[in-house]
Visitor: 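The structure follows.
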Amino acid sequence: MTVIALLSVAPVVEGSMASEVAKAVAALDDFDVAYETNPMGTVIEADSTDELFAAAQAAHEAVDGDRVSTVLKIDDKRARDQRAREKVEAVETELGREAKRER
């Protein structure tokens, strides 16, 4: 089974959050997960929900601050394995092109 999630962890502060977000992303390295960070969060792939929740908790706890906001959206497809890249490729097949556009 592959579990795919979108994780967003950020301190509630004024100014740049980059150093704290970097701590959250770095915390994922201690787990058996694949991940890719984008401007809106980090997509994580794990073999189980247990591993996913443990990684998300570690990322949340890695951020310093009086207030931390964490959002976790999970796609737990149980009928078959599907990687995050496959989901994007399916959309690109329907579009007949890459699913991105540069300005």
Side-chain angles (χ1 to χ4, degrees):
M1 168 176 71
T2 301
V3 182
I4 301 170
L6 176 63
L7 175 68
S8 174
V9 180
V12 179
V13 296
E14 297 216 12
S16 177
M17 298 179 281
S19 64
E20 293 303 317
V21 171
K23 291 177 187 178
V25 173
L28 299 175
D29 290 337
D30 294 335
F31 297 86
D32 187 21
V33 299
Y35 65 86
E36 181 178 350
T37 299
N38 62 57
M40 299 300 290
T42 299
V43 175
I44 303 172
E45 293 183 15
D47 290 333
S48 71
T49 54
D50 288 342
E51 189 74 12
L52 175 69
F53 283 123
Q57 180 176 357
H60 175 82
E61 292 175 355
V63 175
D64 294 323
D66 292 336
R67 187 173 175 192
V68 177
S69 175
T70 297
V71 176
L72 180 63
K73 180 179 181 181
I74 300 170
D75 182 358
D76 184 9
K77 189 174 243 181
R78 298 174 179 173
R80 69 178 184 92
D81 276 347
Q82 184 179 36
R83 300 286 179 197
R85 182 67 201 147
E86 291 176 69
K87 294 173 71 132
V88 174
E89 288 168 353
V91 171
E92 290 176 337
T93 297
E94 292 296 319
L95 283 170
R97 61 175 175 80
E98 283 190 343
K100 72 179 195 179
R101 180 177 172 189
E102 299 291 330
R103 290 182 92 190

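Keep in mind that this is a model prediction, so the values were computed, not measured.
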Visitor: Please determine if E92 and K100 form a salt bridge, counting it only when a charged side-chain N lies under 4.0 Å from a carboxylate O.
Guide: no

Visitor: What pair of heavy atoms forms the shortest contact from V43 to N38, and how long is it?
Guide: CG2-ND2, 4.0 Å

Visitor: Looking only at non-hydrogen atoms, find the nearest pair between T2 and Q82 and report the distance.
Guide: CG2-O, 3.7 Å

Visitor: To the nearest 0.5 Å, how far apart are CD in E94 and CD in E89?
Guide: 13.0 Å

Visitor: Any chain of hydrophobic side-chain contacts (each under 4.5 Å) joining V25 to I44?
Guide: yes

Visitor: Please check if the side chain of E51 supplies one atom and the backbone of V33 the other of a donor-acceptor pair under 3.5 Å.
Guide: no

Visitor: Quick one: side chains of residues 3-22, donor-acceptor pairs under 3.5 Å with protein atoms, not counting sequence neighbours, listed by atom name and distance.
Guide:
{"unit_1": "S16", "atom_1": "OG", "unit_2": "A18", "atom_2": "N", "d": "3.2"}
{"unit_1": "E20", "atom_1": "OE1", "unit_2": "K23", "atom_2": "NZ", "d": "3.4"}
{"unit_1": "E20", "atom_1": "OE1", "unit_2": "D64", "atom_2": "N", "d": "2.8"}
{"unit_1": "E20", "atom_1": "OE2", "unit_2": "K23", "atom_2": "NZ", "d": "2.9"}

Visitor: For F31 and A58, which heavy atoms make the closest approach, and how far apart are they?
Guide: CE1-CB, 3.4 Å

Visitor: I need the minimum non-hydrogen distance between A62 and A27, along with the two atoms involved.
Guide: CB-CB, 3.9 Å

Visitor: Mark yes or no for whether E86, through its side chain, and R83, through its backbone, hold a donor-acceptor pair below 3.5 Å.
Guide: yes

Visitor: Using the test side-chain hydrogen bond (donor to acceptor under 3.5 Å, both in side chains), find all partners of T70 that sit at least two apart in sequence or belong to another chain.
Guide: H60

Visitor: Atom CD in E45, atom CZ in R85: separation rounded to 0.5 Å?
Guide: 11.0 Å

